[in-house]
Amino acid sequence: MIIERFVLTPFQQNTRVVACEETRRAICIDPGEESEDLFEFISKNELDLQAIALTHGHLDHVGGTAHLSRKFPEAEIILHKDDADLYYGLPQQPLFFGMEPHQLAALGLEYEDPPRLTRNWEDGESYEVGTLRFSVRHCPGHTRGHVVLAEENEKKVFVGDCLFDGSIGRTDLPGGSYEQLIDSINSKILSLADDFVVYSGHGPETTVGREKTHNPFLNQASRSSGGRYV
Ligand SMILES: [Fe+2]
């Protein structure tokens, strides 16, 4: 299994290319912004990009979709239907974060309308990338339509902005719910084996076991809402 990370956007978002070593089939999970490094990695390694796989619809996770889709027009673009409004509203999203329209270009947050989604994730479906098989798990709470992708043979889970090393996703943005997020994390992520490696949308990798024992947001003693990252 090939996993290559690109840290993109002013939000330090983790864009990843995940590929099957045998077949060279690949997906890009959450292209945060236009990136020549990302494009060149896929091209130079002769990977066959079958999909732009979006965990959720926030700007720092979908901002590079239009560019990547132009480079690889055969790639599917997949997102859960409950985040479709967020995705299609990409040009307006910076306003949620309190940014003024005149500031956007200077911050690199001026977006074109994104390309049409070609498919929606379904909770519980199995999604194949060569010999890799991801189980798709709907995890609302950070956004309504957030999903995580778990590869159970490789014991790796791509969790977007649900869970971070020592923290959890923000729940104060439109569609967020603290109770739903905690329930999603417990039922859909922490139910995986302790040795699953957790790949988050921001920050370093962690494991299911480490978050179960060390994450203060998942400890019953700490019920304060908040979390980090957009
Ligand atoms: Fe997010």
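Numbers for residues simply follow the sequence, beginning at 1. The analysis underlying the following values was restricted to heavy atoms, covering all of them including side chains, and did not include hydrogens, waters or symmetry mates. Ligands are counted one by one from 1 in listed order, and the atoms in each one are counted from 1 as well.
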Student: Kindly confirm whether the Fe ion (ligand 1) is within less than 2.8 Å of some N/O/S atom in His61?
Tutor: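 It does not: His61 brings no N, O or S atom closer than 2.8 Å to the Fe ion (ligand 1).
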
Student: For Thr206 and Glu211, run side-chain hydrogen bond (donor to acceptor under 3.5 Å, both in side chains): C-alpha distance rounded to whole Å, both residues' side-chain angles, the deciding distance at 0.1 Å, then the answer.
Tutor: CA-CA 7 Å; Thr206 180; Glu211 295 316 302; 2.5 Å; yes

Student: Do any of the N, O or S atoms of His142 sit under 2.8 Å from the Fe ion (ligand 1)?
Tutor: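 Here the distance criterion (N, O or S atom, under 2.8 Å) is met by His142, so yes.
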
Student: Which label fits Phe158 and Tyr199: parallel for a plane angle under 30°, tilted from 30 to 60°, or perpendicular past 60°?
Tutor: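 Aromatic pair Phe158/Tyr199 classed parallel.
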
Student: Among the N/O/S atoms of His58, which is closest to the Fe ion (ligand 1)? Give the atom name.
Tutor: ND1

Student: Report yes or no: do Val197 and Leu132 belong to one cluster of Ile/Leu/Val/Met/Phe/Trp/Tyr joined by side chain heavy-atom distances under 4.5 Å?
Tutor: yes

Student: Please give the atom name: the N, O or S atom of Asp161 nearest to the Fe ion (ligand 1).
Tutor: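 So the atom name we want here is OD2.
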
Student: When you measure from the side chain of Thr118 to the backbone N and O of Ile77, does any donor-acceptor pair fall under 3.5 Å?
Tutor: yes

